[in-house]
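Written out below as structure tokens is the structure these notes cover.
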Amino acid sequence: QVKQATNQIVMNCADIDIITASYAPQGDEEVHATGFNYQNEDEKVTLSFPSTLQKGTGMLKIDFVGELNDKMKGFYRSKYTTPGGDTRYAAVTQFEATDARRAFPCWDEPAIKATFDISLVVPKDRVALSNMNVVDRKPYPDDESLVEVKFARTPTMSTYLVAFVVGEYDFVEARSLDGVLVRVYTPVGKAEQGKFAQEGNVAAKTLPFYKDYFNVPYPLPKIDLIAIADFAAGAMENWGLVTYRETALLIDPKNSCSSSRQWVALVVGHELAHQWFGNLVTMEWWTHLWLNEGFASWIEYLCVDHCFPEYDIWTQFVSADYTRAQELDALDNSHPIEVSVGHPSEVDEIFDAISYSKGASVIRMLHDYIGDEDFRKGMNLYLTKFQQKNAATEDLWDSLEKASGKPIAAVMNTWTKQMGFPLIYVEAEQQEDDKVLKLVQKKFCASGPYAGEDFPMWMVPISICTSDDPTCAKVQILMDKPELTLVLKDTKPEQWVKLNLGTVGFYRTQYSPEMLESLIPAIKDLSLPPVDRLGLQNDLFSLARAGIISTVEVLKVMEAFVNEPNYTVWSDLSCNLGILSTLLSHTDFYEEIQVFVRDVFSPIGERLGWDPKPGEGHLDALLRGLVLGKLGKAGHKATLEEARRRFKDHVEGKHILSADLRSPVYVTILKHGDSSTLDTMLKLHKQADMQEEKNRIERVLGAISQPELIQKVLSFALSEEVRPQDTVSVIGGVAGGSKQGRKAAWKFVRDNWEELYNRYQGGFLISRLIKLTVDGFANDKMAAEVK
Ligand code: BES
Ligand code: ZN
């Protein structure tokens, strides 16, 4: 529609040659454009017409040539090997955030929605898919090896969600309970590996779960989930045609480990949530990207908790997202959840832990503050009001405010419009049968006590419980000022007090020494729930890293975890000890911390043993892998010997390692291995048929410690053997594997910067690479060098 008479049309376009363009006003003769002026920097083209295009509707026709590129964005090719060993290419798309313009000229902004009628001309023996179902398929007139496949018209949608795929695939299919046709496409010969995503999770449970949760049906007649060999992100929610890395979709009953199953469940849950939240209702502009990603990163857990209650997935959320977000958001160079962005390169940058993990964490806090029933009402209001349209953060707050009657915008603005989060300092004073609590909030900084001039403030929903009932809040208040005093009635001197039940509030807590002391027995006797033990421990480590409390005191608290049975608590603890151990690798205390780690992990290692016991489940398998890996890396003798024995049997084909034991065994033998160990691992890598196994090996190779072998791993990272999207985790593994590795990886990244930069074109993989490589450095000289 021409809204204002003009002789120019400006649209997005990148790496495309326009051959002809014409505009035909409705019922009038077409006018050919005479000039195509490309503004490459802005990824735009201006079409100039010889006469004025008058106000009114019409048809713009463009004949153009694009490139099937190797950049994993836009319309690109993905390499695969056939069961017969031939190398072939599939043609696939990845448009988010701003790459639809590489496939066709368009107005490539989320708020400019349109319907799409897509036809593909493809070799007749290839699978051709797009967002919608096929409505027509006929021979292509000029070439009998080709067919023309026409797809149904899409609903009104944004360009970044358009997708098409041409290649060779097998599939499994089922109809979900609510009648939607669900197909999982896999590489040829591997249809079996699509069954977990299809039956275990998607078809049977996820779609109806969301339909019920939002009270809005899935609007398309079909949904395809497809595994793509070369794929930059983890997965992409294209409407009706969701694309995945192979490792985020395929599960082999024998060769996939428990953490892969869980990952597939989470990713599928995430992308399917976007079909409503993101696709049906889309953010107005990329500033509100967090709405999409934060929300999906929260609800994926709700969905997995529904499908797999045995995963205890919400506790894992705290370790995977909540603490990770706090880690980043405590840095001076963090950014607010809502951030203004313009150029495409800025858009790429906000696909980070703030949008995802902090976004998810503040939504979890909000959900808790509102309550599930009103939250759902608000969601339904929002999704029905804005369907096929766009919305901004305020629109979601409006709907939730209407549904709950609570001051949602006022509370949430303090979390999304300013960066950072508070540290709440708390002390208690006994007054007869009551305890008087004094709370103070101050911004939490990773670099030490906040010393800024302004005093940022948050509206913090605070819950407090006592040893009377550790699972139920005795008091709930909204802390909306810097300091607060409150009285806990009937709380005896011997009773302990804990803030932040369930580790839901997005803040850290610093207890007075007495209050902390009184909580220790509740860790030891497990009367404090797992997620609270986890949160407490994580706060302590983080306060120590910030220099606010003593590291020695924190390590003493570790003794209280001798009876710890919970996988996620161990996993978070292990992570914190890992960070400490990296720090200490710059000092003379490295050996001592290794001894400490062995002491902490040996009792649980002995309890678990190497082989699953009858009746064990998902979390036992994860815990065993974690503990054995940790002990093995730290040089625990018995673990090392057993790992070597099992590895030998595995390689000789005498006894194949169960999938859950592979990572811990691989990492142990590599850490203490030599060049022949590395060669054996590289051979296993070459032989592996599943991408999961290849990735498993790639991630642990960096554990090797001899300098010349480290170099070999680094060269391997850039070789043909490693898929381009996986190079980053090989180099990251080297940087995280040892002190020598860290230096070598950093040098390698600098030496190969041009190649790496070209490969990832400034996308989010390059930021991940830098983060992984420089994470462990701990002195000013290195900081300056990195800058
Ligand atoms: N929309 C994203 C995919 C994406 C990421 C596109 C970055 C462009 C740039 C998708 O919904 C997503 O978030 N994928 C995650 C996996 C998810 C389970 C957290 C990913 O790719 O890491
Ligand atoms: Zn997402």
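Nothing fancy with the numbering, it's 1 onward along the sequence. Note that ligands are numbered from 1 as they come in the structure, with each ligand's atoms numbered from 1 the same way.
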Return the residue, atom name and 0.1 Å-rounded distance of the protein heavy atom closest to atom 9 (C) of ligand 1. Phe764 CE2, 3.5 Å

Nearest protein heavy atom to atom 3 (C) of ligand 1, by residue and atom, and its distance? Ala235 O, 3.1 Å

Atom 15 (C) of ligand 1: the protein heavy-atom neighbour that sits closest, reported with distance to 0.1 Å: Glu271 OE2, 4.1 Å

Between Asp726 and Arg245, is the closest basic N to carboxylate O distance under 4.0 Å? yes

Decide, yes or no, whether a salt bridge links Arg723 with Asp230 under the criterion of side-chain N to carboxylate O below 4.0 Å. yes

Would you call Asp108 and Lys44 a salt bridge, using N to O less than 4.0 angstrom? no

Residue Gln94 vicinity, atoms of ligand 1 by number, heavy atom under 4.0 Å: 6 (C), 8 (C)

Please state whether Arg245 comes within less than 4.0 angstrom of ligand 1, counting heavy atoms only. no

Distance only, no hydrogens: is a donor on one side chain within 3.5 Å (strictly under) of an acceptor on the other, for Gln326 and Asn538? no

Per-atom filter on ligand 1: closer than 4.0 angstrom to a heavy atom of Glu237 are 1 (N), 2 (C), 10 (C), 11 (O)

Between ligand 1 and Tyr356, is the shortest N or O to N or O distance under 3.5 Å? yes

In His274, the N, O or S atom nearest to the Zn ion (ligand 2) is which? NE2

Would Asp368 and Arg364 pass as an ion pair if we require N to O under 4.0 Å? no

Metal site angle (apex the Zn ion (ligand 2)), NE2 from His270 and OE1 from Glu293, 10 degrees: 110°

Pick one of side chain, backbone, both or neither for how Glu96 approaches ligand 1, counting any non-hydrogen atom pair under 4.0 Å. both

Val267 heavy atoms within 4.0 Å reach ligand 1 at atoms 18 (C)

Are any of the side-chain nitrogens in Arg261 or Glu692 under 4.0 Å away from the carboxylate oxygens of its partner? no

Can you label the angle between the Phe277 ring and the Phe295 ring as parallel, tilted or perpendicular, going by 30° and 60°? parallel

Report yes or no: does Glu237 have an N/O/S atom closer than 2.8 Å to the Zn ion (ligand 2)? no

For ligand 1, which is the ligand I care about here, please tell me if His270 has any N or O atom under 3.5 Å from one of the ligand's N or O atoms. yes

Polar proximity ligand 1 side, Trp263 side, N/O cut 3.5 Å exclusive: no

Residue from Lys71, Gln94, Arg102 passing side chain to side chain contact (heavy atoms under 4.5 Å, CB included) with Tyr76: Gln94

Considering both backbone and side-chain atoms of His274, is one of its nitrogen or oxygen atoms within less than 3.5 Å of a nitrogen or oxygen in ligand 1? yes

Side-chain ion pair, Arg696 and Glu693, N-O less than 4.0 Å: yes

Looking at atom 7 (C) of ligand 1, what's its closest protein heavy atom, distance included? Phe351 CD2, 3.3 Å

Can you tell me how far apart CG (Asn279) and CE (Met157) are? Round to the nearest 0.5 Å. 7.0 Å

Counting from 1, what ligand 1 atoms have a heavy atom of Gly234 closer than 4.0 Å? 20 (C), 21 (O), 22 (O)

Flag the pair Phe95 / Tyr160 as yes when their ring centroid distance falls below 6.0 Å, and as no otherwise. no

